[in-house]
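Written below as structure tokens is the structure these notes are about.
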Amino acid sequence: MDLNQLEWYRGKISSLSICIFICIGRAFFIRRKNMDSKQLTVQALQKVLPDDISEEQITNLIEKPKSSDLGDYAFPTFILAKSLHKAPNMIAEDLVGQIDQDGFEKVVNTGAYVNFFLDKGNFSNNILHTVLSEKENYGNADEGKGGNVPIDMSSPNIAKPMSMGHLRSTVIGNSIAKIITKLGYKPIKINHLGDWGTQFGKLIVGYKKWGSQAEVEADPINNLLKYYVRFHKEAETQPELDDEARAWFKKMEDGDQEALNLWTWFRKLSLAEFQKVYDRLDVTFDSYNGEAFYNDKMDDVIKTIQDKGLLEESRGAEIVDLSELDLSPALIRKTDGATLYITRDLAAAIYRKNTYHFVKSLYVVGSEQSEHFKKLKAVLKKMGYDWSDDIHHIDFGLITNGGKKLSTRKGRVILLENVLNDAVDLAKKQIEEKNPDLKNKDEVAEAVGVGAVVFHDLKNERRDNFDFNLEEVVRFEGETGPYVQYTNARALSILRKAKTDDYQNADDLSLDDSEAWDTIKLLQQFPEIVDRAGQKYEPSVVAKYALKLAKSFNQYYAHSKILTEDDGLNARLGLVKSVSIILQMSLGLLGVRAPEEM
RNA sequence: GUCACAGUGGCUCAGUUGGAUAGAGCAACGGUCUUCUAAACCGUAGGUCGCGAGUUCGAAUCUCGCCUGUGACACCA
């Protein structure tokens with residue numbers, strides 16, 4: 001490298017570092033100012049409140065009024081009534097008289113509250129600059145510090161169709177993965193396939209009795225399901241079928257070629273079918289290690305349990321007693337020597353710890369299994385693994401149909417694929433009706449239809465049960481995914497129609513408009529929303545926020561003309577752009593696509 | 001029976017750490033497209049926050065009891 005080149009590099013490097021320095025400095029400065037809007041309020045109060053009330057107490061007492069009519073922060077004076085021997089509303093009135101209103105739009109009292117109104121122009125200028133410069137990094141945090149977090153999710157059973165129940169686990173897990181990524185963790189999405197167990201014995205019996213290779217290949221899952229359902233029906237009157245099934249599963253475990261070949265074939269066909277659904281949902285996995293993967297890891301686990309003196313015999317089975325925790329015993333090995341669900345999960349938990357050295361390990365599994373996870377953690381704890389505390393069961397409520405639990409065995413399932421197809425068909429109809437000139441109709445219909453189903457699943461608290469209702473799931477009006485998508489599409493449409501993009505570099509983005517105020521405040525809330533969603537493993541926090549932001553923005557632009565050539569144009573466009581950035585990010589965190597037009 | 005979770009307008013649900021007249025969306029009724037996509041916006045009507053005590057200046061929110069629903073409760077996963 002000659003001298004000239006060296007100089008050139010130096011120049012590059014130094015100008016780059018200056019740029020980085022300025023950018024970071026600016027972002028930091030802006031963020032400080034935003035965070036300080038509450039701090040400003042605290043300080044204003046502290047100067048006029050009695051000394052025995054600490055800054056911390058004031059911070060905790062300050063609340064955000066439900067309505068902007070009552071300001072942006074409010075301080076209730078009730079607790080001062082006793083010590084000051086005065087009525088709360090008198091205290092509030094006195095405080096308002098003493099408070100230095102500098103930096104606020106105004107400070108007034110309403111009854112017993114002191115209400116602080118922030119300087120809208122200043123606040124909006126700061127927040128819009130922040131969002132426009134940080135873009136999709138807005139709201140990022142480093143809480144996770146790159147720690148691995150395996151997420152056990154989706155986990156459908158081989159040879160059975162994916163039901164709405166699997167949808168829940170899949171989309172909740174997927175969304176949590178995205179949310180915690182934003183918080184600095186590294187999720188490892190594991191599809192813990194149900195690919196082992198006695199049901200395969202049943203399936204083989206059913207296939208051999210009533211099936212054919214051609215039939216299975218034509219429509220694998222539906223036909224395999226058909227055999228399975230028929231097996232259960234016929235076994236009611238012919239109990240000897242159950243014995244046959246057990247024998248076939250035993251053959252699998254003993255390595256019988258015919259049994260294993262069938263099993264491998266079923267598994268392969270099923271995975272290919274599942275993949276179609278995952279593609280539509282935009283969900284990928286880092287591992288497909290299911291139950292079968294742990295077959296050869298069971299002995300070690302059982303040996304460890306035994307070595308620690310935890311294994312007991314009871315009624316012919318081997319168990320770990322958990323009665324001191326008010327839990328029923330964990331069945332490690334059946335009377336016939338076969339292992340069980342919890343044995344495999346113990347092996348999996350230990351494997352994941354050893355392989356990923358996780359900081360947390362999540363299981364997105366229905367709440368009917370909460371007992372199982374309590375036992376799992378308890379056994380691990382007894383084995384001396386303190387990291388059992390890092391295991392979290394992310395439970396969710398079950399989906400019923402007509403108030404009844406769905407059951408694969410009885411053939412009462414809601415097929416996810418049908419639901420998605422219905423939703424997409426309906427979306428297509430809507431597009432033909434409302435926007436017939438749209439270019440990529442099918443692609444948009446897919447995004448909207450699937451988005452509606454996914455959003456519907458995520459918008460309520462995980463643990464809520466819900467009764468399946470097709471009309472409700474594929475609804476496009478009101479509090480739905482398409483509503484958020486539509487709001488974003490319209491925002492983008494405005495930006496396309498704007499003759500300028502000067503707002504991207506404008507210094508002044510202050511927007512002193514009460515119509516826009518709620519939206520602006522919502523933009524500022526986004527980072528704490530992501531954080532809360534992550535702490536609670538609750539995608540619905542993001543979904544509800546997205547609805548709130550969309551609604552507030554819809555209200556704003558239904559009443560205000562954005563594309564007007566005046567001094568406020570840059571700020572308004574900056575707001576539209578910021579809203580679209582955050583709506584897209586929110587939808588992204590939920591695993592819902594955001595079409596540019598619809 | 002034991003344990004867990006839930007109970008908010010006709011339906012589906014919101015409601016950070018207890019706070020100001022309990023909020024939305026569907027459905028119902030009425031209004032708004034010559035003006036940035038009406039999948040939108042505005043308005044009207046609709047609630048003893050399951051019931052009863054307790055704590056508190058103050059409870060949908062915390063504690064206790066009861067009622068109702070759902071789920072789990074040893075060889076399924």
Side-chain angles (χ1 to χ4, degrees), chain A residues 60-61 63-67 70 74 76 78-79 81-82 87-88 110-113 115 155 157 194 196-199 291 314-319 326-336 338-342 344-345 365-372 374 395 397-398 400 403 405 408-409 427 430-431 433-435 437-438 448 452 456 459-461 463-467 469 471-472 475-480 482-487 489-498 528-529 532 536 540-541 544 547-548 550-551 554-564 572 576 597-598:
Chain A
N60 289 333
L61 282 166
E63 54 193 74
K64 284 185 190 166
K66 287 174 202 135
S67 157
L70 295 167
F78 305 102
I79 37 114
K82 234 175 225 170
T110 317
Y113 290 82
N115 301 84
S155 313
N157 295 318
W196 201 253
T198 41
Q199 74 268 27
E291 295 177 345
S314 170
R315 301 183 212 170
E318 291 177 75
I319 64 156
D326 283 327
L327 291 168
S328 58
L331 266 134
I332 303 297
R333 226 201 294 255
K334 295 201 278 188
T335 323
D336 65 5
T339 55
L340 284 127
Y341 185 39
I342 197 162
R344 266 189 288 274
D345 259 2
V365 179
S367 53
E368 71 270 19
Q369 290 187 33
S370 59
E371 189 89 356
H372 165 74
K374 275 186 199 157
D395 59 341
L398 53 85
T400 53
K405 196 180 171 182
T408 323
R409 294 183 187 193
Q430 293 268 316
I431 292 169
E433 204 177 294
K434 306 192 183 220
N435 198 354
D437 298 331
L438 192 67
V448 172
H456 175 266
K459 81 169 172 182
N460 290 135
E461 257 177 75
R463 314 181 73 146
D464 285 357
N465 295 340
F466 72 84
D467 198 62
N469 177 323
E471 290 85 73
E472 207 169 283
R475 179 164 279 158
F476 299 151
E477 288 126 38
E479 297 176 325
T480 64
Y483 176 83
V484 180
Q485 291 173 319
Y486 179 69
T487 308
R490 287 191 67 177
L492 293 178
S493 168
I494 293 171
L495 293 175
R496 275 194 303 272
K497 292 208 162 123
E528 78 185 62
I529 291 295
R532 207 163 87 219
K536 296 169 73 177
S540 70
V541 170
K544 290 202 181 95
L547 287 169
K548 221 165 152 185
K551 185 170 175 63
N554 275 329
Q555 285 170 332
Y556 166 63
Y557 81 73
H559 297 111
S560 308
K561 182 83 183 163
I562 287 158
L563 296 175
T564 306
R572 289 195 301 273
V576 175
E597 288 179 67
M598 61 187 272

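Letters A, B, ... mirror the listed sequences (proteins, then strands); counts begin at 1.
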Quick one: do the A:Asp467 and A:Thr400 side chains pair a donor with an acceptor below 3.5 Å?
->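 Note: A:Asp467 and A:Thr400 side chains meet the donor-acceptor criterion.
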Which atoms form the tightest heavy-atom contact between A:Lys459 and A:Ser540, and what is the distance?
->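 Shortest heavy-atom separation between A:Lys459 and A:Ser540 comes out as O-CB, 3.4 Å.
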Quick one: [X] [atom1] to [N] [atom2], roughly how many Å, whole number?
X: A:Asp336; N: B:A74; atom1: CG; atom2: P; result: 17 Å
X: A:Glu63; N: B:A20; atom1: CD; atom2: C1'; result: 8 Å
X: A:Gln555; N: B:G43; atom1: CD; atom2: C1'; result: 13 Å
X: A:Asp326; N: B:G1; atom1: CG; atom2: P; result: 18 Å
X: A:Asp467; N: B:G69; atom1: CG; atom2: P; result: 16 Å
X: A:Lys548; N: B:U16; atom1: NZ; atom2: P; result: 10 Å
X: A:Phe466; N: B:A14; atom1: CZ; atom2: P; result: 12 Å
X: A:Asn465; N: B:G71; atom1: CG; atom2: P; result: 8 Å

Conformer about C1'-N of B:C33 - syn within 90° of 0, anti elsewhere |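 Syn.
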Does the [X] side chain pair with the main chain of [Y], one donor and one acceptor, at a distance under 3.5 Å?
X: A:Asn115; Y: A:Ala74; result: no
X: A:Asp395; Y: A:Gly366; result: no
X: A:Ser493; Y: A:Ala489; result: no
X: A:Thr480; Y: A:Tyr483; result: yes
X: A:Asn465; Y: A:Leu398; result: yes

Please write out the pairs of protein N or O atoms and N or O atoms of nucleotides 35-37 of chain B separated by less than 3.5 Å, giving the distance to one decimal.
unit_1	atom_1	unit_2	atom_2	d
B:U35	O2'	A:Lys561	NZ	3.4
B:C36	O3'	A:Lys497	NZ	3.1
B:C36	O2	A:Leu563	N	3.3
B:C36	N3	A:Ile562	N	3.1
B:C36	N4	A:Tyr557	O	2.5
B:C36	N4	A:Ser560	O	2.4
B:U37	OP1	A:Ser493	OG	2.7
B:U37	OP2	A:Ser493	OG	3.1
B:U37	OP2	A:Lys497	NZ	2.5
B:U37	O2'	A:Tyr486	OH	2.5
B:U37	O2	A:Met598	O	3.4
B:U37	N3	A:Met598	O	2.8
B:U37	O4	A:Met598	N	3.1

Give me the distance, rounded to whole Å, that separates [N] from [M] when you measure between the [atom1] atoms they each carry.
N: B:A53; M: B:U61; atom1: P; result: 14 Å
N: B:A60; M: B:U17; atom1: P; result: 16 Å
N: B:A27; M: B:U44; atom1: C1'; result: 15 Å

If you pin A:Pro65 and A:Arg333 to their nearest nucleotides in RNA chain B, which one's is more 5'?
->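 The residue closer to the strand's 5' end, by nearest nucleotide, is A:Pro65.
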5' priority, RNA chain B, between A:Ala112 and A:Asn554 [closest heavy atom] =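 Its nearest nucleotide lies further toward 5', so the answer is A:Ala112.
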Can you name the side chain to side chain donor-acceptor pair (under 3.5 Å) partners of A:Glu318, sequence neighbours left out?
->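 Here the qualifying residues are A:Arg333.
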Residues in ring pair (Phe, Tyr, Trp, His ring centres under 6.0 Å) with [X], at least two apart?
X: A:Tyr556; answer: none
X: A:Tyr341; answer: A:His372
X: A:Tyr557; answer: A:Phe553

Could you tell me whether A:Pro76 contacts a base, only the sugar-phosphate backbone, or nothing, with contacts defined as non-hydrogen atoms closer than 4.0 Å?
->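 The answer is nothing, as A:Pro76 stays clear of every strand by at least 4.0 Å.
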Which part of the nucleic acid, if any, lies within reach of A:Ile431 when heavy atoms closer than 4.0 Å are counted: base, sugar-phosphate only, or nothing?
->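 The answer is base, as A:Ile431 lies within the cut-off (heavy atoms under 4.0 Å) of a base atom.
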Nucleotide-resolved protein contact map, nucleotides 21-27 of chain B, B/S/- at heavy-atom distance under 4.0 Å | ---BSS-
Would you say a side-chain N or O of A:Gln369 is under 4.0 Å from OP1 or OP2 of B:A72?
->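 No, because none of the side-chain N or O atoms of A:Gln369 sits under 4.0 Å from OP1 or OP2 of B:A72.
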What stems, by residue range, does RNA chain B take part in, given at least 3 consecutive Watson-Crick or G-U pairs under 3.5 Å?
->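 Stems for RNA chain B, defined as runs of 3 or more consecutive pairs: B:1-7 with B:67-73, B:10-13 with B:23-26, B:28-32 with B:40-44, B:50-54 with B:62-66.
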Short N/O separations, protein against nucleotides 54-58 of chain B, under 3.5 angstrom:
unit_1	atom_1	unit_2	atom_2	d
B:C57	OP1	A:Lys82	NZ	2.9

Results of salt bridge (Lys or Arg N to Asp or Glu O under 4.0 Å) for [X] - residues two or more places apart only:
X: A:Glu477; result: none
X: A:Lys434; result: none
X: A:Glu368; result: none

Are there any protein N/O atoms within less than 3.5 Å of an N/O atom in nucleotides 2-7 of chain B, and if so, which ones and at what distance?
none

